[in-house]
> 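Got a structure for you, written out below as structure tokens; questions coming shortly.
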2 protein chains.
Amino acid sequence: MCAAKRKPSDDPLAVPAAVIGRLSLYLRELSHFVRAGNLTTNSDELSTRLGLSAAQVRKDLAYFGQFGRPGIGYRCEELIGAIRSILGTDRRWPVLLAGVGNLGRALLGYRGFVPQGFEIVAAVDVISEKVGTEVEGVRVEHLDGLAEIVRREGIAVAILAVPAGSAQAVADRLVAAGVRGIVNFAPVTLSLPEETSLLGVDLAIQLEQVAFSVANRQLPR
Amino acid sequence: MCAAKRKPSDDPLAVPAAVIGRLSLYLRELSHFVRAGNLTTNSDELSTRLGLSAAQVRKDLAYFGQFGRPGIGYRCEELIGAIRSILGTDRRWPVLLAGVGNLGRALLGYRGFVPQGFEIVAAVDVISEKVGTEVEGVRVEHLDGLAEIVRREGIAVAILAVPAGSAQAVADRLVAAGVRGIVNFAPVTLSLPEETSLLGVDLAIQLEQVAFSVANRQLPR
DNA sequence: TAGATTGTTAATCGATTAACAATC
DNA sequence: TAGATTGTTAATCGATTAACAATC
């Protein structure tokens with residue numbers, strides 16, 4: 001009746017989340033290399049730049065195929081294409097923004113999304129003064145129109161930038177409207193169906209992590 | 001002549017970075033519990049809420065001491081105080097913002113920092129039209145005044161929200177001015193002295209991670 | 001007391017690293 | 001060819017989990 005829940009470890013094809021995180025970093029470095037005019041790179045250069053081991057870079061990439069040539073290394077453009085294809089960013093992702101506050105507005109104006117394949121094509125809010133306005137070329141619509149917007153724009157991924165108090169309710173509505181992945185900037189833990197991808201970005205927590213590290217860093221001896 | 005570099009594993013007191021990350025999540029949940037009127041909680045409740053195991057919660061906390069009572073659990077307020085003390089956020093951290101663009105402005109207006117002990121008390125930029133203005137009650141000063149600002153305000157931690165192209169140069173100046181930890185929002189890998197704490201938050205990468213997860217999620221069978 | 005839940009140890013699991021044959 | 005660097009296997013390391021005596 002109820003299918004057994006598969007843990008990640010049940011799936012022999014499962015790739016550790018940390019590997020996917022590093023894939024994004026490799027992609028970013030490779031773009032810099034290309035901009036610097038480099039045609040090829042290798043696991044040593046890539047790993048040194050990122051503070052990893054060369055073996056780790058090779059192993060990470062090996063989860064997905066053979067992208068390098070012994071004795072030569074990796075062709076930057078080729079590897080960029082491969083990683084984009086793995087991440088799924090070789091195509092364009094229309095993104096919905098929920099919550100046009102301070103942070104939401106900043107995200108609407110952020111230039112870094114489009115080159116990576118993401119474009120915020122719609123924004124929703126509940127404040128009537130905001131609804132109907134246009135911010136950074138994107139029309140702000142009412143939250144109530146969510147399902148129609150998601151269908152109209154073919155949206156799979158949303159950014160949640162609403163106040164903490166309404167984050168869970170809005171997240172539920174996003175899921176109900178068909179959104180399949182959410183980047184959540186509200187400082188709350190969301191409960192969502194397992195099949196919804198969720199990544200939390202808590203700005204205060206980022207500062208906390210650095211503060212701990214500063215406070216506990218041993219001084220060089 | 002050159003002191004041997006200590007790897008984290010050399011230090012028997014070293015706590016895994018992942019543990020510190022979860023500490024922030026425990027703190028956030030505990031605040032919610034308190035707001036909901038709960039006096040005590042336990043490793044089961046905390047872990048379920050966060051999708052972890054109860055053993056992990058207990059083990060994480062055990063790195064730092066004994067905060068619970070067998071048969072009872074943890075007193076929320078008490079544990080909050082303990083975690084704040086561990087993270088170093090039981091005191092106020094004055095924060096410097098470098099880069100008053102779209103994102104910088106949003107961060108200046110973000111209400112979530114102060115309750116966690118962080119206050120942006122100064123902002124710097126290089127654009128002369130911005131210098132001298134006041135944003136969200138914070139005066140924007142010129143980057144050239146960095147060292148004096150850091151000294152004057154007693155700043156240890158900075159947020160870097162400048163364009164990618166100038167991030168490394170500005171980061172170098174932050175370090176030279178005495179900043180000891182940086183949260184970097186520019187989509188570049190920074191090279192900084194080992195003793196500087198660094199955390200990168202790349203907004204496009206957050207979306208990439210969710211996109212991968214959405215694209216590769218197995219549909220429920 | 002009986003029930004609940006901790007802190008901690010030992011066992012398991014998974015991820016990273018080292019090493020090297022294959023090969024450009 | 002000699003040198004460089006990959007992909008991959010086996011060894012190591014570290015983190016998570018399970019289990020349970022201690023104890024509120």
Side-chain angles (χ1 to χ4, degrees), chain A residues 5-23 25-26 29-30 33 38-80 82-83 86, chain B residues 5-23 25-26 29-30 33 38-80 82-83 86:
Chain A
K5 210 175 278 185
R6 319 181 98 224
K7 297 204 294 182
S9 55
D10 291 344
D11 192 338
L13 300 175
V15 177
V19 172
I20 308 302
R22 288 192 295 266
L23 241 37
L25 297 177
Y26 302 154
E29 286 316 306
L30 288 163
F33 291 160
N38 303 13
L39 291 180
T40 68
T41 184
N42 54 57
S43 61
D44 183 53
E45 184 176 41
L46 220 30
S47 65
T48 302
R49 200 72 197 72
L50 290 165
L52 308 168
S53 75
Q56 185 164 56
V57 171
R58 296 198 298 274
K59 190 122 207 291
D60 284 350
L61 296 174
Y63 275 100
F64 303 97
Q66 307 190 158
F67 306 110
R69 313 193 180 187
I72 308 290
Y74 303 91
R75 296 210 299 198
C76 295
E77 294 280 18
E78 197 175 302
L79 190 51
I80 286 175
I83 296 179
I86 294 163
Chain B
K5 209 175 277 183
R6 319 182 96 225
K7 296 204 297 183
S9 55
D10 292 343
D11 191 339
L13 300 175
V15 177
V19 172
I20 309 302
R22 288 192 294 267
L23 241 38
L25 296 176
Y26 301 154
E29 285 317 305
L30 287 162
F33 290 160
N38 302 14
L39 292 179
T40 67
T41 184
N42 54 57
S43 60
D44 183 53
E45 185 176 40
L46 221 29
S47 65
T48 302
R49 200 72 195 71
L50 290 165
L52 307 170
S53 76
Q56 183 163 58
V57 171
R58 296 198 299 276
K59 189 121 207 289
D60 284 350
L61 295 174
Y63 274 100
F64 303 97
Q66 308 191 156
F67 306 110
R69 313 191 180 189
I72 308 291
Y74 303 91
R75 295 210 298 197
C76 294
E77 294 278 18
E78 198 175 302
L79 190 51
I80 286 174
I83 296 179
I86 293 162

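Reminder, nothing fancy here: chain letters follow the sequence lines and each chain counts from 1. Any value given below was found using the heavy atoms of this structure, including those in side chains, with hydrogens, waters and symmetry copies removed.
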> Taking the side chain as every heavy atom from C-beta outward, state whether Glu45(B) and Asn38(B) have any atom pair closer than 4.5 Å.
yes

> So do Tyr63(A) and Ile20(A) actually touch side chain to side chain, heavy atoms under 4.5 Å?
no

> Step by step, work out the side-chain contact (heavy atoms from CB on, under 4.5 Å) result for Leu61(A) and Tyr26(A).
CA-CA 10 Å; Leu61(A) 296 174; Tyr26(A) 302 154; 4.2 Å; yes

> When you measure from the side-chain N and O atoms of Gln66(A) to the phosphate of dT23(C), is any distance below 4.0 Å, counting only OP1 and OP2?
no

> Answer whether the closest heavy-atom distance between the side chains of Tyr74(B) and Leu30(B) falls below 4.5 Å.
no

> From the options dA15(D), dA22(D), dC24(C), select the nucleotide whose nearest atom is closest to the side chain of Arg69(A).
dC24(C)

> So does Arg75(B) get a side-chain nitrogen or oxygen closer than 4.0 Å to the phosphate oxygens (OP1/OP2) of dT6(C)?
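So the side-chain polar atoms of Arg75(B) never come under 4.0 Å of the phosphate oxygens OP1 or OP2 of dT6(C).
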
> Within the pair Tyr74(B) and dG7(C), is there a side-chain N or O less than 4.0 Å away from OP1 or OP2?
yes

> I need the Arg69(B) CZ to Asn42(B) CG distance, nearest 0.5 Å.
14.5 Å

> To the nearest angstrom, how far is Leu79(B) atom CG from dT6(C) atom P?
11 Å

> I'd like to check Leu25(A) versus Glu29(A) (side-chain heavy atoms, cut-off strictly below 4.5 Å). Are they in contact?
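Heavy-atom side-chain distance check fails, nothing below 4.5 Å.
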
> Check each residue of residues 54-61 of chain B for a non-hydrogen atom within less than 4.0 Å of any atom in DNA chain D, then write out the ones that pass by number, or none.
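The stretch gives Ala55(B), Gln56(B), Arg58(B), Lys59(B) as the residues lying under 4.0 Å from the strand, ordered by number.
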
> How close do Cys76(B) and Phe33(B) get, counting heavy atoms only, and between which atoms?
SG-CB, 4.0 Å

> Give each stem of DNA chain C as a range with a range, requiring at least 3 consecutive Watson-Crick or G-U wobble pairs whose two distances are under 3.5 Å.
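Result, WC/G-U stems under 3.5 Å: C:3-24 with D:3-24.
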
> Considering heavy-atom distances to DNA chain C, does Pro70(A) or Val19(A) have its closest nucleotide positioned more toward the 5' end?
Val19(A)

> Has Ser43(B) got a side-chain N or O lying under 4.0 Å from the OP1 or OP2 atom of dT5(C)?
no

> Which part of the nucleic acid, if any, lies within contact of Phe67(B), taking any heavy atom under 4.0 Å across all strands shown: a base, the sugar-phosphate backbone alone, or nothing?
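Touches sugar-phosphate only.
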
> Is the shortest side-chain N/O distance from Ser53(B) to OP1 or OP2 of dT17(D) below 4.0 Å?
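Yes, because at least one side-chain N or O of Ser53(B) sits under 4.0 Å from OP1 or OP2 of dT17(D).
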
> Which one, dC24(D), dT17(D), dT5(C), comes nearest to the side chain of Asn42(B)?
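The closest nucleotide is dT5(C).
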
